[in-house]
Every structure is written in structure tokens, then in C-alpha cells.
Amino acid sequence: MPITEIPKVYDPKSVESYWADYWIKERIFQPQLNQKIPFVIVIPPPNVTGSLHMGHALNNTLQDLLIRWKKMNQFECLWVPGTDHGGIATQNVVEKMLKAEKKSRYDLGREKFLAKMWEWRKESGDTILMQLRKLGCGLDWTRTRFTMDETCSKSVLFAFNEFFKKGWIYRGKRMVNWCVRCQTALSDIEVEYEERKDKLYYIRYPILSGKKEGWQGVPLVVATTRPETMLGDTAVAVHPDDPRYEKIHGWWIQLPLVEKEIPLITDQAIDPKFGTGVVKVTPAHDPIDFEIGERHHLTQEVVIGFDGKMKESTGKYATLSREECRKEVVKELEAQSLIEKIEDYRHSVGVCYRCGVIVEPLISDQWFLKVDKLAEQTLKASKEEKIKIFPETWNKPYVSWLENLKDWCISRQIWWGHRIPVWYCNKCDESHLLINTTSDGVKNILTDNIAGRTIGEGASPLINETNPEKPPSHCPKCNGASFTQETDVLDTWFSSALWPISVLGWPEESPDLERFYPTSVLVTGHEILYLWVARMAMMGLYFKKEVPFSHVFIHGIVRDKQGKKMSKSLGNVIDPLTIMQKYGTDALRFVLCLNSVPGRDMQLSEDSFIAARNFCNKIWNVSRFVLMNIETTNFKFNEAELPLLELDLASQWILSRFQKTVLAVEKSLLSYDLAQTSRILYQFIWSEFCDWYVELSKLILLDPTKNKETTLKILLVLIKGIVKLLHPMMPFITEEIWKKLGEMNLILKDETKSVVFSLYPKANIQLENDLAETNMDFLMSAITKIRTIRAEMNVPPATKIEILINGPDSDEKKLLEKHSLYIQHLCKVEKILIGNKLEKPQKSAILVFSGLEIFLPLEGLIDFSKEKQRLLKEFNLLQKEIEHLDARLSQPDFKTHAPEEEIVRTLERKKETDQKLIKLKEHLELIQ
RNA sequence: GGGCGAUUAGCUCAGCGGAAGAGCACUGCCCUUACAAGGCAGGGGUCGCAGGUUCGAGCCCUGCAUCGCCCACCA
């Protein structure tokens, strides 16, 4: 296509799919295992549920940016794609589908249900990966992993066995967070807390023993938010030092509604300041009460079942839900006048992070991973800065989370996931746990070395080390050979924790593991810093003796215009695919980068994309401009000769500005401040290159008498530089422009394949030129001022005028004379007179600028009363500034304390402003 | 209860010790041969409040207020 036929408007749709396919087809993002330094990222694997949302778009844009940037810096880049099976979340999706058919997973049975799960994952599990291709992500698709594929599953089972042998995995009856909807245990971090409006019930518990002194007939009052659990109370507790209740320690209390006597015990955990200072103790249904119960050997009276309904033992309350039971209990208590009062109360309630239903603390048999040693070495790595978090503010919470870590509940009672490789002997004892750990397939492990517990009754857990997914060959106790596998599966985050090593092939000693571990940087949002990042650090350090990544780049969460998290239920989502369709993928990517301010969440609204789309168009058109002008020429150009060219001021200036831009871009990228990077690029390209340099270049390009070669070379250098700088952020449009440059033989052969094979720009100090920048600044402000007058006085651009510049010093005079064309061209001025004793023509507008005066004879063109107003306004501004400067200079301490250069600067400013004011005053007086 | 962050132009946000900035929105002029998704120019801010440090404070310190997030055994 001839360059002149390049469309005037950049059309993303017509180029994006071509490039997305091209990068894959040409294997551009597959590493070659050569001598270069590796740069590796493993993707935070999206769950196989649903499709790409803005959070994914942000996360992956940032990773892609880093990969492309590093690739252009000659690193051997690898970005590993993959998906997560997503445990509960994914199972919920399929269960919902079943529910539509009025079926539950139990109707299907485990096997059939899992078949359905796999079917679903096959059908829609890769949706997001396909969408990431559209986003332009330079992932190596030949290495795509899934947390439940063969490689990753092997890692999971192997890791489980290793921990088991070490004695760090144990099973025990504990109080865990139970989701009554998902029918599974949750780890502590999978519980989210929501502030809820609730009631605090003050309930009277009659005292049975020792009716004397002040307690005669006065019942104890306990405050609780969960009256229904009183059916399972086995004590009442106060703080041992609370003077109000000192006399009655050990007395017996009548538990209302239940024909039962319970003791009044004392425990440090009670806060005397809360409520009445008296607490009902329900060891089976509250974590603190559970602990109190342990300390005081209280019985655990289970009154709520795993389904969230009241147990048989509760008599008339049986089968009621927790909520219904609460109402009933309160009604009953009220009837018996046992409610002292009910207060409104705000407190946070734990809910399931997957379904939002209130979590029930319940006692059940669960598997745990002991984490103290793991946390310890991870903390050490942090202290030694082996893992650095960007921005640093996240380091503190990360460290304190590790410091306060409790054992990790790794078992889930769902079906979708890695089934725990532990076996029960069918012959000798049903509660007999077997885990196969040795080559002969059998190893006895009688450990539950945590808190002196044992696993089941005389249990001998066995695992199969060589084939963990298979049962042991025989039972060492009874020699039986028939086993049943544990039905629990592992927490989905267990496999996620192994992700950086499992995707590279661990526990095999694969070439990839050897070459690409540890990875370079992990890019993620802060919501999974603990859930995921900390655990990967633990696993990587333990199994590979090295941190899995040296940098953690934490980006913000995408929110809507009101600052709310985007969610389908709120209906405030901005769909990245729609945005890509409407504004182009590069525009989407640019906005995400532009808003990626370190340490801050970003608020997006749809109009932010318009500016980015316009920016794309600007880039497109300025490239078009350069190409159109080069098209007719035929020159060969080696960038090395750049410093040898004889350059005009504008060219010296833009090259100097470009070097500084390159430096600033590099600095911002190194600190993961991509908002900064975006701003720098936007500013340079639009406000400096396009607005000034390109406009000035027309002086030469549009003048048939001028030699255009040097200017075209500079334009070309800049366009190439800009395309390269932008590429990591905006890969599509830059590739397209690059291709056109290639078609005109304007780039080196080995760079033609893709922009990523060119070198990322490096600053060339030789080309920095502060003098040129100062001179251009001078000319640019003169030009702007002249344009301002024209605009304010409504002199149309078509009206050519002349100007007089009076009073420049000799340097300024030379500069102005040499570049009078700049002014003429950009201010639409026909003629410029420069001199030291020029008279102001009658009926002139005037501006006083940097020690000189500029006259614009505008007789007949403007209304001079307007000019007077304009001057008056200017005059007032100057007066204000002088007041300000005087105030500063008259501060006696200013001259003694401020640094010399600051004093000089202030004095100069004062002098200049004074001069301006005097001249302005003169002219003001002359206007009738 | 503890920690973190925010509070700057109508909106979204930069700036973090020496003359208040950008984009969007708004106003005026311009279809100037890269771009009207554009150009040129303009209006609009006692930089949350109160103290303090400093010659000098959106910027540093201390309180306070409001909003948001994270953590915690808030019965």
C-alpha cells in the first residue's frame, strides 16, 4: 500500500488480530535457551471460571509490558501461561448449573460429578487464555499449564508426601471455618469479614448456688450476638480479676431453655469492659470458647450441624436453621422474661469468600500443614531482601502476616481438586490411615506430633511415594490389600503455592527448572498477597532452597468511578473486551498503565479510554506524516552518524529532550511506576515532538528550496525511538508502524521481524544539549505569548501581521534573528523587525517578555479598549508577584539562611519583574 | 482495637521543600497540505481542618475530621 494511502484514522480492528497471531506463529515469545540472561515471569493463573475482567487485563498488561521491555533489552524472556482449577469457586459454578436441572452433586456421585467438572473445564476453561492472546500477551503458549494437569498434579502429590514424611502434615479435630453452603472447611484467610448491623442480646442466666450477699436472686447477665448457641453452652466465664464477680467464682448457673447446670469459670480471655463482663461459653461453636473449653476441660456440646441446621439433640429446635433458631430462642427467652435488653450492634461477621454465606465455626476432622519452619525461613529471606516488594509499603503487612501465621488447614470437603493421597485400610480398621511412602509401597507413619495428638485410633497412615496417586501395596498391620482413599481434596491454594516450581517441571530436574528458576518478578494485586504470594515464597524456599521470585510487583485493584470494587452483582463492571472493541487494545493497555500508580487502587470510567484512543490516533498520524514525507526521498542512514550531522536548533532540542525522556522512562520502569512511564511518554510525544518539532520541521519540508535530508533523518530517528519506547505498552500500533518502516527499508533487516527484536532505546549523553533546550524554551515562550495576544485579540490566523522585537541583548538578538522563521511560521507573522531602539508603532499591542518588548501593530484589526484590559490584567498579576517577592526578600533571615543560588534566583526574578512592570506601565499610560 | 493509604481545578489523578500541573469536561477562534479522535488560546484551585518545624510548606512533624483498604479471638 502506498504510504499516502495509509488511512487517516487508526483502525485497531484491522491490525490487532494479525499481530496477535503473528507473535504466536513466529514463536516470538518462546525462549531459545541461549546464552542470554533469562527474565522469567509465571502468570498468576486465572481460575477456569468465567472470562477476562478488568483485573486480569491490568495484571496481564503489566506483565506483558515487562516481558516486552526486557526482551528489547536482550534478555531471554519466558512468560509461562496457565490456569488454576479454582477449587470451590469452580465447583460452585458447575453446581449452579446442576441446580438449574434441580440436581445436586450428591445425586450424581463423585465420579460422575468430576466427569462433569472436567467436561466444563475442557469447554470453557481456556476462555481467558484465548482472551489474553487478544490482549497481545507475549506468553509462551507451548508451556501452558493447568494446576490439575499431570505435571502440576505430580508436584502437588510429591510436595504433600515430602511434608508428610517431615511430620508437618497432620490430621486433627479442630475448630475450623465451615461454609454451610459450600459444605467445606475454609482456611482462615478464605474468610472475609463484613461489617453488619446486628443485635446484642443481654440474657439473664439465673444463679443456682450460694444465694447470699448481693447476689440474692439476681441473675447473671451475659451479652451475646448469637443466642441460638446457648443451647450448647457448657459454662459461663468472667475475667479472674473482675471485682464484680469475685465472690461467685465456681458457682453454678442455670442455663435457661435447657435443663442444665453450668459452672461459672474464670479466664484471662474475657474482657471485663465488654458488655456485662460475663460471657456464655459454647466450646463447639465459637473459636474463643473452643480455646476456653480446652483450658477448662469443658465438654463440647454440638448443637449446629454441618448443614447449618440445629441438631437432633436440641429437641424442639432441631432442623431449624441457625437464623430461625435464633428467633425462636429469643422469643422463648422473652416469654420467660430472661431478656434484659437488646441493643443495636455493629460488628464484623465472617463470610465465605466464594459464596458470601456466614461462616460457621465447627469442630471437624481436618488436615493441617505445620507452617512455623516454613514461615521462619521465608521471613529470613525477606529480611535479607531476597524478596523485594514494590511498592515497599506492602512489605510490613506481608512480614507481620508471616510472623503471626497459624497452621494451614489444607483439606476441603469438596470434590474438585487434588484428592489427598492418604489411604484407609478396608480390612483391619476403617479409621486406619495409610499413606504410601516407600518404594515397596508402604511406610508406617504414626505421627501427629502436633500437640501430642494421634491420628485416629492407632492409625497408621500410609502414602505411596513413588506413585502417590495409587494405594499402598499392602497394609502393614493386617497385610490387607484393599484401601479407600481419603475423600477430602487439597485447598486449591496448595497447588497455587507450588505454581512457580510446578510449571517448570518440579520435582523433575527439568532443563526449564534449571534454566528459569528462580523467576524474576511476580506481578499481582494485593488481595492475594497472603493467600498466594507468601505461600509460594514458603514452598519455593523449602523445595528449591531459593526464593521463587526476587521482586513482587503489587498493583492496585480496579474499581469503578465511585471507588467500588467492580462486580457483576453491582453491575458496575467495565468489560475489557468491549473496551478493546470500541477503543482498541492499545488504548485499553495505555489507560491501565496510566492509572497504575504504585500503591494505589485505580478508578476507571469509560471516558478515560477516549483520551487513550485519541493518543493512538495521534501516534498513527504523526507516523503517517513522517512516512509520507520520507516516501519521496531515497536516503540511507546509520544512526551512529547522528552526532556528526549539522543540526538546526529544533533538532538539537528534540534530540536532547528525547535523551532525557529515555532516561526518565527507564527510571520509572525500573521502579515499576508505570503511571509515570505513561505520562512521560504521552507528554513527550504529544506536547514536545508533535506540537513543536513536527510543526517546525514543516518549515523545511514545505519549502521547495530547502534540503530536507537532515530533517527527515531526525524525524525518522524520533519516530523509531518513539515506537520502540511505546512498544511494551502499546504493541499493536507500534508493530504496525514498524512494519511500514520496514516496507520502506528504513530499519535494519534483523529488526524487521518485530519491534521486540530491536534494541530498547538507551540514552545517548552526547546528544543532550542544555543550551539548545534553554534557547528553545526562550523561543517557545515568545511564540506562545505572541499567539496568546493574537487569540485574545481575536486576530484570525489568516490575517498576516508584522511584529517588532525591541531590546534583546546580543545573544538574544542573534538567536531571534537566526530563528525568526520559527516565529513567523508558528505565529503566522509576515515580517519581524529586531532591533535595540525600535519605536513602538501607533496602535500596537504590546507584550513585555524577558527584558524585551514585542510590538504588534494592529491598527484597524483590534479594539484597543480590549488591549487595555488585557494589559491591566497583566499589570495586576505582575504587581502581585512583586509583592510576593518583596515579602520574601524582606524576610531578614532569608538572605542569611537560604542557599546562595536561591537568593540569586529570587533577586533576578525581582529585577525582571520590576522592569516588566515599568515598561508595561509606560505603555498602559499611552493607551487612550 | 492495630496498621496502611487517600483528601490538590466540575470529574479522574500527577506533583512530595524554593514561582500550583495533566487528561477529560467547559469557553473562544480556526476544516492551516499528519491528525476535527485535530490545532491555537482561555476560564477555573486560600492543595480536608488546626497547630508546629523552616528564611521558605500541597510537600516535613503533631493532632483532628471524612473516606477507603488490610489485619485482630469486637462475646
Side-chain angles (χ1 to χ4, degrees), chain A residues 6 8-10 189 193 200 222-226 229 237 269-271 274-282 286-292 345-348 361 393-394 396-397 400-401 404 526-527 529-530 557 559 561 563-565 583 587 594-595 597 599-605 607-608 610-629 675-676 679 682-683 686-687 690-691 694-695 698 701-702 784 787-792 794-798 826-828 881 884-885 887-889 891-899 901-903 905-906 909 913:
Chain A
I6 297 174
K8 274 184 164 186
V9 173
Y10 171 59
I189 29 176
Y193 290 89
L200 187 61
V222 302
T224 181
T225 53
R226 299 202 60 192
T229 62
I270 311 303
D271 175 7
F274 186 93
T276 54
V278 188
V279 175
K280 58 191 264 325
V281 183
T282 321
D286 182 278
I288 310 160
D289 294 4
F290 178 81
E291 282 171 24
I292 295 174
Y345 186 57
R346 288 191 73 87
H347 66 148
S348 63
T393 41
W394 284 106
K396 213 166 122 182
S400 69
W401 187 77
N404 298 301
H526 51 74
E527 75 273 23
L529 184 59
Y530 315 127
I557 310 252
R559 297 173 187 282
K561 221 174 168 177
K564 294 209 180 73
K565 210 167 164 173
Y583 304 101
L594 185 64
N595 288 286
V597 179
R600 282 190 71 157
D601 290 347
M602 66 176 72
Q603 287 174 232
L604 290 182
S605 67
D607 28 291
S608 35
I610 295 171
R613 180 257 264 145
N614 294 353
F615 183 44
C616 290
N617 202 232
K618 192 76 182 176
I619 296 160
W620 182 253
N621 273 291
V622 76
S623 308
R624 190 166 147 256
F625 171 80
V626 174
L627 289 168
M628 278 167 62
N629 279 287
Q676 181 79 343
R679 259 180 272 118
Y682 186 96
Q683 154 75 21
W686 201 314
S687 310
C690 292
D691 287 353
V694 169
E695 287 311 317
K698 289 176 185 171
L701 300 180
L702 297 180
T784 302
R787 292 203 288 216
T788 304
I789 292 185
R790 286 193 69 130
E792 287 192 347
N794 284 327
V795 182
L826 294 179
C827 301
K828 311 284 180 209
E881 194 177 344
H884 174 80
L885 290 170
R888 189 197 288 199
L889 287 164
Q891 272 287 336
D893 289 339
F894 178 66
K895 284 186 180 151
T896 52
H897 291 262
E901 51 174 38
E902 186 54 34
I903 298 168
R905 198 156 38 185
T906 309
R909 232 172 85 200
T913 317

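Note that the structure is predicted; figures quoted are calculated from it, not measured.
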For A:Trp620 and B:A36, what is the distance between atoms CH2 and C1' respectively, to the nearest whole Å? 19 Å
Please determine whether any donor N or O and acceptor N or O are separated by less than 3.5 Å between the side chain of A:Arg909 and the base of B:A19. yes
Using a cut-off of less than 4.0 Å, is there contact between a side-chain N or O of A:Asn595 and OP1 or OP2 of B:C13? no
Side chain of A:Thr393 - closest among B:C71, B:A34, B:C4: B:C4
Taking atom types as modelled, is there a side-chain donor on A:Gln891 or A:Arg888 under 3.5 Å from an acceptor on the other? no
Can the positive tip of A:Lys618 be found less than 6.0 Å from the middle of the six-membered ring of A:Tyr682, inside 45° of the ring normal? no
Distance in Å, A:Ile6 CD1 paired with A:Met628 CE, rounded so as to fall on 0.5 Å steps: 8.0 Å
Measuring from A:Ile619:CD1 to A:Asn614:CG, what's the distance to the nearest 0.5 Å? 11.0 Å
Of all the choices, B:U7, B:A41, B:A36, which nucleotide is nearest to the side chain of A:Arg600 once you look at every atom? B:U7
Given B:U32, B:C74, B:C35, identify the nucleotide with an atom nearest to the side chain of A:Arg624. B:C35
Which residue lies toward the 5' end of RNA chain B, A:Tyr10 or A:Lys396, if each is placed at its nearest nucleotide? A:Lys396
Quick check: on RNA chain B, is the nucleotide nearest A:Asp289 upstream (toward 5') of the one nearest A:Tyr682, or the reverse? Name the residue that is more 5'. A:Tyr682
Can you tell which of B:G18, B:A41, B:A75 lies closest to the side chain of A:Ala898? B:G18
From the candidates B:C35, B:G39, B:C74, the one with an atom nearest any side-chain atom of A:Trp686 is B:G39
Can you tell me whether the side chain of A:Lys618 and the base of B:C35 have a donor-acceptor pair closer than 3.5 Å? yes
Output yes when at least one side-chain N/O atom of A:His897 is less than 4.0 Å from OP1 or OP2 of B:G56, else no. no
Donor-acceptor pair under 3.5 Å: do we get one between A:Gln603's side chain and the base of B:A6? no
Which of the following nucleotides, B:C35, B:A37, B:A41, is nearest to the side chain of A:Val9? B:A37
